[in-house]
Amino acid sequence: EVQLQASGGGLVHTGGSLRLSCAASGFTFDDYAIGWFRQAPGKEREGISCITSDNSVTNYADSVKGRFTISSDNAKNTVYLQMSDLNPEDTAVYYCAASAFFLRHCRLNIATAYDYWGQGTLVTVSS
């Protein structure tokens, strides 16, 4: 059974930090790029970061560039999203997803290219 388990969300004050984890199982992790997406209430889903299967390429949305860092521990089949300098606009449910489509790069604006999705973890940033 394919599983993407996102965790690490919670409540944090403006300027604070959180680290999200995405633990994968049930598929060959080394063959998939992993992306992080988020959806705030009343807003469309937004792709915010991704990393290729060999960890050589990362991509960030402008809204999080310089504040968020994606990394992967292939030995643990886990991808992390370190989030710093959080603000209320970062409040959302954060999802991780896996894509076999991306090889030497990954993109955030083609959600349909992601094959598997996790259940999401809620991040709330208070002002």
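For the single chain, residues carry numbers from 1 onward in sequence order.
- Residues satisfying the side-chain hydrogen bond (donor to acceptor under 3.5 Å, both in side chains) test with N74, not counting sequence neighbours, are D30, N55, S72.
- Applying the ring-ring contact (aromatic ring centres under 6.0 Å, His included) test to pairs two or more places apart or on separate chains, none has a residue in residues 41-95.
- Note on residues 16-40: pairs passing ring-ring contact (aromatic ring centres under 6.0 Å, His included), not counting sequence neighbours, are F27-Y32, F27-Y116, Y32-Y116, F37-Y114, F37-W117.
- T52 places a side-chain N or O within donor-acceptor distance of the main-chain N or O of V57, the cut-off being under 3.5 Å.
- In this structure, L20 CG and M83 CE are separated by 3.5 Å, a value rounded to the nearest 0.5 Å.
- The distance from atom OG1 of T28 to atom CG of N77, rounded to the nearest 0.5 Å, is 9.0 Å.
- In this structure R67 satisfies the side-chain hydrogen bond (donor to acceptor under 3.5 Å, both in side chains) test together with D90, sequence neighbours excluded.
- I51 and F102 are not part of a single hydrophobic cluster, where members link through side-chain heavy atoms under 4.5 Å apart.
- The minimum heavy-atom distance between L81 and S49, with the atom names listed, is CD1-CB, 4.1 Å.
- The two residues A40 and T91 make their nearest non-hydrogen contact at CB-O, 3.4 Å.
- Applying the side-chain hydrogen bond (donor to acceptor under 3.5 Å, both in side chains) criterion to H13, with sequence neighbours excluded, gives S126.
- Screening residues 71-87 for salt bridge (Lys or Arg N to Asp or Glu O under 4.0 Å) gives no qualifying pairs among residues at least two apart or on separate chains.
- Pairs engaging residues 108-127 under the salt bridge (Lys or Arg N to Asp or Glu O under 4.0 Å) rule: none recorded [sequence neighbours left out].
- Here salt bridge (Lys or Arg N to Asp or Glu O under 4.0 Å) pairs that include residues 3-27, with residues two or more places apart or in two chains, number zero.
- Considering only residues two or more places apart in sequence or on other chains, L122 meets the side-chain contact (heavy atoms from CB on, under 4.5 Å) condition with V93, T124.
- Minimum interatomic distance between A98 and L4 (heavy atoms only, all atoms of both residues): N-CD1, 3.7 Å.
- Smallest separation of non-hydrogen atoms from R107 and C50: N-SG, 3.8 Å.
- No side-chain donor-acceptor contact under 3.5 Å links Q119 to the backbone of Q5.
- Under the side-chain hydrogen bond (donor to acceptor under 3.5 Å, both in side chains) criterion, R45 pairs with no residue, sequence neighbours left out.
- Across all their heavy atoms, S127 and T14 have their closest contact at CA-OG1, 3.4 Å.
- Shown here for I70 and I34, the closest heavy-atom pair between the two residues is CD1-O, 4.0 Å.
- Taking the side-chain contact (heavy atoms from CB on, under 4.5 Å) definition, one finds that S25 meets it with Q3, sequence neighbours left out.
- Evaluation of the salt bridge (charged side-chain N to carboxylate O under 4.0 Å, His left out) rule for K65 yields D62 as partners, not counting sequence neighbours.
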